[in-house]
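Below is one structure, written out as structure tokens; the observations come after it.
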Amino acid sequence: MLLCVGSFFGTSPESQTHWDEYKSGAKKAPIQTYVLGANNQETVKHFKDVDGCELAANITYLGRKGLFTGASGLQIAYLSGIESSSEPAPAYCFTAKDVTSLKMSLMSNSKFKGVDILLTSSWPKDVSNYGNALPNEASKKCGSALISNLAFNLKPRYHFAALEGENYERLPYRNHLVLQENAQHVSRFISLASVGNLDKKKYIYAFNIVPMSLTDIADLVKQPLDVTENPYRKSDKDTPKSKGNKSAEEEEPTQQFFFDLNKPQGKKRQTDGKGGRQSQAKQPRKHPQPTGPCWFCLASPEVEKHLVVSIGDNCYVALAKGGLMSDHVLILPIGHYQSTVDLSSDVVKEVEQYKAALRTFFKTKGKRYVMFERNYKSQHLQLQVVPLPLSCCTTEDIKETFILQAQEQGMELLEIPEHSDIKQIAQPGTPYFYVELDSGEKLFHRIKKHFPLQFGREVLASEAILNIPTRADWKDCKSSRAEEEDLTKTFRDAFEPFDFTLQD
């Protein structure tokens, strides 16, 4: 089928002549075509029935608003026109009542999970939040907040719009809160330019889609590597809120992933001062938020997602920017955690899974890895995983080099028991440097005042190990975006057989 968004009819005399040929039957659309209604007063005359009707052979007007279900089960929600705040609205406009009516007609079904496709002529407001840049800065000011709200609630797998004259294919965005809700399908927003535009901007998008109702749930909720946070989450204003009763979304902005992983379990009884007891809900401990933009929270616009190799439920692996080696990677928590000692048990478990997978992977390449963490002047945990050729040195050599170079800088690296938990040694908020060798041996330094930020890299880049001293500082090792994308793809393809997140 062909779906048309934006203004189907032109306003010039030539366009009317062309349309008369289809209306008279002299010409016929080659495939079944569905169109949206008027966006201006001049074309209202073509749409006689607000509930939809056949305009010509194989050309159907869907209607003012509603849901079209194809024979295969494909569900297409649609909303014609542009936004109006006045009542009654002109025939080429929609209002808040129209949006609410459409939402309620679908969401009243307890089994509703979303629609396959959403068609609107106008753009949704704030669609580029957390996403890729718009082709035209002026587009940031356009869009309808009502359509944003509609898209937020209907969760379309594809949302098509037009009217702005721009082609914009936004990165896919998620419809659930990571760690708080079950995984759901992602949504893709695509705006198309005007047909036959002189700038040759893309105005047609061809794709295949299997209806949601016929798609395996595991395939449906699979998250692509470049998925972002939902751009409309803060735009969902269905429920009136007073200043004294803020929603979770107002309390915790969706700028990043910040989640309360210590929700109260039941209630704590406290004394009322008279020997009796009173019940009071236990207050959850708020998860710390970064003091500024975070380059590693997966929902952050600052994250360079083209470096992401694998994404689990609680952690992800990314190629290190300016890595010591081409396969130098980072293990990072999806949520905002400052250090290993701050991690919840679920996150720790997945970190260990990634470490085991990487250990096995590098072993097949004739390498061993060294992992280190610096919890000092950093706000998001970064577990640096650097693979070293087995031929370059032994594990004992690596350990001695770390200890010796620490001593040369007046620092003491202590060896801690192999199966000990770092949480037993350092409390949350304690600055430290930590090394883990492939043998399981661990070295620990409690930072008291100053610490060289590149110490871990400097040791590994030294003559005693890799002998690449010019690569000690990551800023001296940066590659172009294209080179980074190639390195990421190469690593991702090689690591795929060992990636537990892709296993059944």
Side-chain angles (χ1 to χ4, degrees), residues 1-9 29 31-39 43 47 52 59-70 72-83 92 94 98-99 102-103 106 114-129 131-132 134-136 139 142-173 175 185-197 201-212 224 227-228 230-232 235:
M1 64 174 70
L2 174 65
L3 305 173
C4 298
V5 291
S7 296
F8 182 71
F9 292 100
I31 60 173
Q32 189 61 54
T33 302
Y34 297 93
V35 307
L36 293 180
N39 298 304
T43 57
F47 305 97
I59 301 178
T60 303
Y61 163 47
L62 287 167
R64 185 183 182 114
K65 66 180 185 299
L67 178 73
F68 172 82
T69 302
S72 65
L74 189 74
Q75 291 195 316
I76 304 173
Y78 55 89
L79 179 67
S80 294
I82 59 176
E83 181 178 337
Y92 57 91
F94 63 84
D98 291 316
V99 171
L102 178 54
K103 286 192 305 182
L106 297 174
V115 296
D116 292 302
I117 297 172
L118 172 62
L119 304 178
T120 63
S121 286
S122 300
W123 277 32
K125 188 175 179 61
D126 299 326
V127 66
S128 64
N129 282 352
N132 43 317
L134 292 164
N136 185 343
S139 298
C142 75
S144 162
L146 290 178
I147 291 180
S148 297
N149 182 274
L150 183 66
F152 179 82
N153 285 280
L154 297 193
K155 304 174 184 177
R157 294 164 69 193
Y158 286 87
H159 178 185
F160 294 96
L163 288 190
E164 295 304 318
E166 295 290 348
N167 170 228
Y168 176 58
E169 297 184 23
R170 191 200 185 281
L171 291 173
Y173 62 85
N175 286 299
H185 60 273
V186 300
S187 292
R188 290 174 168 82
F189 172 77
I190 298 164
S191 171
L192 298 171
S194 301
V195 174
N197 67 88
K201 298 176 183 177
K202 188 175 179 179
Y203 60 82
I204 190 167
Y205 185 92
F207 69 111
N208 295 315
I209 182 171
V210 176
M212 189 184 299
V227 69
T228 77
N230 192 308
Y232 316 124
S235 298

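Numbering starts at 1 and runs along the sequence shown.
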Reported [atom1]-to-[atom2] distance for the pair [X] and [Y], which is rounded to 0.5 angstrom:
X: N175; Y: N153; atom1: CG; atom2: CG; result: 10.0 Å
X: E83; Y: D98; atom1: CD; atom2: CG; result: 10.5 Å
X: S144; Y: D126; atom1: OG; atom2: CG; result: 10.5 Å
X: L2; Y: T60; atom1: CG; atom2: OG1; result: 11.5 Å
X: S148; Y: N129; atom1: OG; atom2: CG; result: 8.5 Å
X: L146; Y: L79; atom1: CG; atom2: CG; result: 8.5 Å

W123 versus S191, side-chain donor and acceptor atoms under 3.5 Å: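 Yes - a donor-acceptor pair under 3.5 Å links their side chains.
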Between F47, F68, Y78, which is the residue that forms a ring-ring contact (aromatic ring centres under 6.0 Å, His included) with Y61?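 Running ring-ring contact (aromatic ring centres under 6.0 Å, His included) over F47, F68, Y78 with Y61 returns exactly one hit, F47.
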To check you understand the geometry: which heavy-atom pair defines the closest contact between C4 and T33, and what is its length?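 Closest heavy-atom pair between C4 and T33: SG-CG2, 3.9 Å.
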Okay, side chain of [X], backbone of [Y]: is any donor-acceptor separation there less than 3.5 Å?
X: T120; Y: S122; value: yes
X: N149; Y: A145; value: no
X: N167; Y: A193; value: no
X: S7; Y: N39; value: no
X: D116; Y: P211; value: no
X: S80; Y: G63; value: yes
X: N132; Y: R170; value: no

Test item: [X] and [Y] side chains (from C-beta on) under 4.5 Å apart, heavy atoms:
X: I31; Y: M1; result: no
X: Q75; Y: M212; result: no
X: F8; Y: L36; result: no
X: S121; Y: L163; result: yes
X: F94; Y: I147; result: yes
X: V115; Y: P156; result: yes
X: L134; Y: E166; result: no

side-chain contact (heavy atoms from CB on, under 4.5 Å) between L3 and F160, worked out: CA-CA 9 Å; L3 305 173; F160 294 96; 5.5 Å; no
Test side-chain contact (heavy atoms from CB on, under 4.5 Å) applied to Y168 and N136, L192, V127, I190, the passing residue: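 Running side-chain contact (heavy atoms from CB on, under 4.5 Å) over N136, L192, V127, I190 with Y168 returns exactly one hit, V127.
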Regarding R188 and E169, does a basic nitrogen lie under 4.0 Å from an acidic carboxylate oxygen?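 Looking at E169 together with R188, the answer is no, because their closest N to O distance does not fall below 4.0 Å.
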Parallel, tilted or perpendicular for Y205 and F207, by the 30°/60° rule?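 Correct class here is tilted.
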The criterion is ring pair (Phe, Tyr, Trp, His ring centres under 6.0 Å); which residues satisfy it with Y173, sequence neighbours excluded?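 By the ring pair (Phe, Tyr, Trp, His ring centres under 6.0 Å) rule, Y173 matches Y232.
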